[in-house]
Amino acid sequence: MNQIKSLADLQAIKEKMAHKLQLQGDGAGETRVVVGMATCGIAAGARPVLKAVMDKVAEKKLTNVSVTQTGCIGICRLEPIVEILEDGKKTTYVKMDPEKAAKVVEEHLAGHRVVEEFTIGAAEKEE
Amino acid sequence: MVTSLNETKFYAKQQRVALRNCGVINPEDIEEYIARDGYSALCKVLTEWTPEDVIKCISDSGLRGRGGAGFPTGFKWSLSAKTKADVKYVCCNADEGDPGAFMDRSVLEGDPHAVVEAMAIAAYAIGACHGFIYVRAEYPIAVHRLQIAIGQAKEYGLLGEHIFGTDFNFDLEVRLGAGAFVCGEETALMTSIEGKRGEPRPRPPFPSEKGIFGIPTMNNNVETYANVPQIILRGAEWFASMGTETARGTKVFALGGKINNTGLLEIPMGTTLREIVEDIGGGVPDGKKFKAAQMGGPSGGCVPAALIDTPVDYDSLTKIGAMVGSGGLIVMDEDNCMVDIAKFFLEFTVDESCGKCTPCRIGTRRLLEYLNKITSGKATLQDLDDMEQLCLHIKSNSLCGLGQTAPNPVLSTLRYFRDEYVAHITEGRCPAGVCKDLLTFVIDKDKCIGCGNCARNCPVNTIVKTDYVAQGHKLPSYEIKTDKCIKCGACMANCKFGAISKK
Amino acid sequence: MSTRCKIPFKGTKEQEEKLLALIESLKDKKGPLMPVMQGAQEIYGYLPYEVLALISEKMNVPMADLYGVATFYAQFTLVPKGEYQIAVCLGTACYVKGSANVIDKVKEILKIDVGGCTDDGKFSLDATRCIGACGLAPVMTINDDVYGRLTPDQVPGILEKYMG
């Protein structure tokens, strides 16, 4: 890696990463799956969830999908949390476990159907 | 159907500055941080601004310390900048120890580069070349991610020598705490970094003159730092436009206790407690009534239901005897006993008092004895007055913040819930039904079917059979001989017929 | 913390080399004591006298200072934890049902005090606050196993199961 010496260097990285982070919100980038992996998320079982997502993405040979960990999403009560960003739209899946996560990959990522029963709205209605 | 977190009520009133990258980027990838304007603020100050410009910007923004005391950050930076010395240090206090608080942990776990970048900016502003981050050892994931972040920043040339091709050099290292709450106090923290017992020391000399190893040191809290890059990039006016006249910007809170949405939230200063509890927090569960919120942990106080419309900012809360503190916010309902809560925090400070100064070491212990006397029904009203006096003595005579604030949970509960203290003393009754010594367990003789399960489970054999047979039952009921009862609750837990209650 | 640990020190050559390398690597750092002690505890599992003596010698820090630091911070322990960690509840319910007699029996059999560890490193003994199992009083736990409604004469049989 070349060391960063100027604003232009920063800008270059920014441009390279922009589509990955879905910063433009124009739907041009790849689909981004993030799993909340702060202490609370990990304690609630986020590690196996992240693994299940990655395994399923590999198994389905999905391309243009990136899976990554992130910090605290904020709502501890509903951990583990998986969020999917695509076309500038975000879907929040809550109280995940490996089976549910695999189903989300299959239906949402492979089949392009939101699994409503696992979303934050469904969880809140239930309570 | 709501399918995204951003559409929920929990999220709607929040405004994320310190947490802007938490839950968005991968904290272990510096390029994701850069993609979200990371290190642009450092680039800007190093290549375009003088150190004075930086301090002016931070001062104009109105940012105040987020660790608890609320000292104006710009002023602190200007004091350190004025100190004449060849070597200076910057330091980050990440020894977050209040029970129930996890704001700093979340920032370090979710966005460690923001702290690294801000410390470099601070170092440039005051003329320092080396930094320390003191993190509790109980936060292994935060430590791990910080170390990754520092490693990556070095690799990319954002820490080290000639950063952004300038003459500015800055290096950063992580130091671990070892399980002592007092090390969150800044002079104790510095003593601990030196490898000694983490005891506080008197000020002056202030750390800005004599800090770690006697070298001028500027110390800020994690969340304070996390705000800095955004202030530089978006301007002092932008930051000052949020919050209130005396408390600009936002504050992160860890919301816990008797509340539906336990979690981490960031709101503009001046948001009322009602908005936090009812809108963001989703209210108190099980249809119970909100009784009070405890803010600021063992140094803080409580805000009673009657003052729920108080705006949450430094001055408003101090005025009513509570504090913003580091950001722990515990909600309590009618089932919580306020004397018991005060006792909980006092037990904590007694355990954690370092023992260096007498008012704190002995005073907090005596204070706890008064509380124990009250919760066991042995106190007098005179004790209540004496206890209040003792509180004021401890506050005014302790060496450091730990002792000076230790009586706050007692003083504030006394102020708003004196009647509860009095009920313990004069009526021998705990209104919330918490304090064991004042409880009585009773068996409803008409509900008791006489199975004897309670008697078999009683550890002190104080439940006996009576002669009374209730209508419709075949066996005589039982009763609790209260003189020997230790109130463990085993009988109630084992009664399948709901015949036992506590009063 | 007052009683000096009587468990024979069983440090290995590798552990010592690791510690010496650690001290060497931190030598030029300012205020290296805490990182060295944290590293030493990671290597040995606790801070035995021999290890503190070695640190004292190599770093030229008085033993008294090391002892002061080790006893100030909750993270450091001068006594190893046993392979089996015994905890006897001294909460009110257990106490009135005679848990003090149970703890005395354990002390007598294992010849250790509360907070101590047996010479072979197999058992350590702690007294705990109420663990919320008052219906089972008096209660003792050994690692994750819970033993309730104990009498002192049951103790030898229980401990025997772990001695094998």
Side-chain angles (χ1 to χ4, degrees), chain A residues 1-23 32 34-42 66-79 81 83-85 89-94 114-125 127, chain B residues 1-11 14 16 19 21-32 34-40 43-44 47 102 105-112 139-142 145 155-158 160 162-165 254-256 260-266 282:
Chain A
M1 163 67 214
N2 287 329
Q3 297 221 323
I4 294 170
K5 283 291 165 212
S6 65
L7 195 59
D9 293 346
L10 284 176
Q11 204 57 41
I13 293 177
K14 231 171 128 170
E15 273 157 28
K16 184 182 94 187
M17 297 296 289
H19 76 281
K20 193 178 169 202
L21 267 85
Q22 294 249 340
L23 293 178
R32 179 174 162 93
V34 298
V35 181
M37 292 273 281
T39 297
C40 37
I42 292 171
S66 76
V67 183
T68 188
Q69 61 169 345
T70 189
C72 177
I73 294 172
I75 184 138
C76 314
R77 179 175 60 99
L78 301 175
E79 297 274 7
I81 300 174
E83 293 195 315
I84 297 181
L85 289 98
K89 196 174 154 284
K90 180 157 101 176
T91 310
T92 308
Y93 290 108
V94 300
V114 173
V115 193
E116 287 205 350
E117 54 182 304
F118 297 159
T119 59
I120 188 164
E124 294 209 314
K125 205 173 273 175
E127 281 168 5
Chain B
M1 168 71 100
V2 172
T3 54
S4 160
L5 173 65
N6 301 37
E7 301 160 25
T8 59
K9 267 183 114 178
F10 174 73
Y11 213 84
Q14 294 199 44
R16 297 196 152 203
L19 297 178
N21 285 329
C22 289
V24 177
I25 63 165
N26 178 355
E28 295 181 16
D29 185 350
I30 190 172
E31 298 203 348
E32 293 206 356
I34 292 172
R36 300 261 297 167
D37 297 322
Y39 291 102
S40 301
C43 180
K44 189 172 177 180
T47 56
F102 52 90
R105 192 197 76 210
S106 300
V107 170
L108 293 175
E109 286 177 354
D111 197 13
Y139 285 177
I141 296 167
R145 292 194 180 147
E155 195 188 313
Y156 280 67
L158 298 166
H162 301 293
I163 300 170
F164 285 109
L255 189 58
N260 276 315
N261 296 335
T262 311
L264 191 73
L265 49 111
E266 183 169 355

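In what follows, chains carry the letters A, B, and so on, assigned in the order in which the sequence lines appear, proteins first and then strands, with residues in each chain numbered from 1.
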Engaged part of B:I25 at the chain A interface, taking heavy atoms whose separation is under 4.5 Å: both
Contacting moiety of A:E83, where chain B heavy atoms sit under 4.5 Å: side chain
Partner chain B: residue of A:C40, A:G41, A:A38 with the largest heavy-atom pair count (under 4.5 Å): A:A38
Partner chain B: residue of A:D9, A:V94, A:T68, A:V34 with the largest heavy-atom pair count (under 4.5 Å): A:T68
Beyond-backbone contact of B:R145 with A:Q69, side-chain heavy atoms, under 4.5 angstrom: yes
Choice from B:G110, B:S4, B:G157 maximising heavy atom contacts with chain A below 4.5 Å: B:S4
Structural part of B:T3 lying under 4.5 Å from a heavy atom of chain A: both
Minimum side-chain heavy-atom gap B:F102-A:T39 below 4.5 Å: no
Pairwise side-chain contact, A:L7 with B:T47, heavy-atom cut-off 4.5 Å (strictly under): no
B:I34 side chain reached by A:M17 side chain, heavy atoms, under 4.5 Å: no
Segment of B:C22 engaging chain A (4.5 angstrom heavy-atom cut-off): both
Region of A:S6 in contact with chain B, defined by heavy-atom distances below 4.5 Å: backbone
Side-chain heavy atoms of B:D37 within contact of A:K14, under 4.5 Å: yes
Side chains of A:L10 and B:F164 in contact at under 4.5 Å (non-hydrogen atoms): yes
Pairwise side-chain contact, B:V2 with A:I120, heavy-atom cut-off 4.5 Å (strictly under): yes
Segment of A:I81 engaging chain B (4.5 angstrom heavy-atom cut-off): neither
From B:L19, B:V107, B:L264, residue fulfilling side chain to side chain contact (heavy atoms under 4.5 Å, CB included) relative to A:C72: B:L264
Under 4.5 Å from a heavy atom of chain A, the part of B:L265 involved: neither
